[in-house]
*Asks:* 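Take a look at this one; I'll ask things after.
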Amino acid sequence: MPKPSHLAVLGVAKEVTPGTPVAATKWVPYKTLTPKDDVNLIQDQGQRGAPVDVFGLYGGQKGAELDLGGDVFADTIGWLLASVLPDLVTTGASAPFSHVFSTLCSGDTQPTPQTWTIFDPLNTWQYPGAQFSELGFKWNADGLFEWSAKATTWAYATTTTPTPSFTAVPPSPNWQIIGQIGGVATFMQDGELTIKRNVTAIRGSAGTQNPYRIWSGDVSVEGKATLVMESNAQRTAFQAATVQSFDVAYTQGAAAALNGLALHCSQVAYTEGTPSYGKEYIELPVSFTAIGNTSDIGASGGYSPIKATLQNAIAANTYK
């Protein structure tokens, strides 16, 4: 009998030891859930006096990839932010707490590994050691503020049946989002902002099919937006390679229920900014790259191309 896919749920927890699975402590509403198990078979191609290519197949190194996505909830999105921006400073004695994420420039510079759990009608599948290579945000005139992410993990393990429970924090309609360019409120028809890190599975001969460690590299940020071209200002900024700030943010609720997310890049430069005449009004699609700077840093100092500020009722030491 077929098993209903809509009964699958997605959970996350931070790990103590990289690659050692832990039970989910938070369950994340999703829209995209695509695991890919990597089983790298090794071929025996030693010739045996016959016109045959493969004489045997043996298990090689293992791992997995996760392609995830959903709507932004101001509590659960913190685990995704910590997975790419692990310099985390939390302030507040009670809700709402403020969590500021930026590039970690001290120690091993690594995000805390996470276990992502998929609980479906067949089993409970844990993907440990997860390190994320991409976290993207997307908004437009309709729908809800969305995120998407890609991770590399160790091979899955199975565990006992959990008891999922879900956030009571509402998602954010896109109309709540406020954009700014150069510190000036700017109307954006749509936009995207993506945080990327190169992720490498370090492998060798160590008596295991899993990697020695999954390692996160440099942080980069890129984005794009579609503007209504009401002046030449932003086209001129593109032509002049002008460096300016870029912000996208929302807040909702009040008092202890206040929650929201602000993504701030102090320095970006356009890589594209040519007018489009395909509609009845002139549009200016822009693309940008963020620059590492000393304004968007956290407690570890150094440089960071972005600072993300999350407000919610989640206490310190939860995400990391």
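Keep in mind that the numbers below use all heavy atoms, side chains included, and drop hydrogens, waters and symmetry copies.
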*Asks:* If you take all heavy atoms of K14 and V22, which pair is closest and at what distance?
*Replies:*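 Result for this residue pair: O-CG2, 3.4 Å.
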
*Asks:* So Q131 and P111, do their side chains get closer than 4.5 Å, heavy atoms only?
*Replies:*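 When only atoms from C-beta onward are counted, Q131 and P111 do touch, with a gap below 4.5 Å.
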
*Asks:* Look at the rings of F145 and Y250 and say which category their plane angle falls in: under 30° parallel, 30 to 60° tilted, over 60° perpendicular.
*Replies:*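 Correct class here is perpendicular.
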
*Asks:* Flag the pair D190 and K138 as a salt bridge only when some basic side-chain nitrogen lies within less than 4.0 angstrom of an acidic carboxylate oxygen.
*Replies:*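 Salt bridge absent between D190 and K138.
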
*Asks:* Could you tell me whether Y212 atom OH has more than 12 heavy atoms of other residues or ligands within 6.0 Å of it?
*Replies:*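 Atom OH in Y212 is not crowded, with 12 or fewer foreign heavy atoms closer than 6.0 Å.
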
*Asks:* Could you check whether the rings of F101 and Y319 sit parallel, tilted or perpendicular, using 30° and 60° as the cut-offs?
*Replies:*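 Ring orientation of F101 relative to Y319: tilted.
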
*Asks:* Salt bridge or not for K224 and E272, using N-O below 4.0 Å?
*Replies:*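 No, no charged N to carboxylate O under 4.0 Å.
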
*Asks:* What's the shortest heavy-atom distance between T153 and P128, and which atoms?
*Replies:*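 Minimum heavy-atom contact is CB-O, 3.3 Å.
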
*Asks:* Any chance the rings of F137 and W147 have centres within less than 6.0 Å?
*Replies:*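 When the ring centroids of F137 and W147 are compared, they turn out to be at least 6.0 Å apart.
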
*Asks:* For a side chain to side chain donor-acceptor pair (under 3.5 Å) with W125, tell me which candidate from D120, D37, T117, T158 qualifies.
*Replies:*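 So, applying the side chain to side chain donor-acceptor pair (under 3.5 Å) to W125 and each of D120, D37, T117, T158, only D120 qualifies.
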
*Asks:* Look at E65 together with K150 and state whether they make a salt bridge at an N to O cut-off of under 4.0 Å.
*Replies:*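 Salt bridge: no.
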
*Asks:* For a ring-ring contact (aromatic ring centres under 6.0 Å, His included) with W116, tell me which candidate from F132, Y156, W27 qualifies.
*Replies:*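 Running ring-ring contact (aromatic ring centres under 6.0 Å, His included) over F132, Y156, W27 with W116 returns exactly one hit, F132.
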
*Asks:* I'd like to know whether CZ of F238 has more than 12 heavy-atom contacts from other residues, nucleotides or ligands below 6.0 angstrom.
*Replies:*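 Yes - once you tally the heavy atoms of other residues, nucleotides and ligands closer than 6.0 Å, there are more than 12.
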
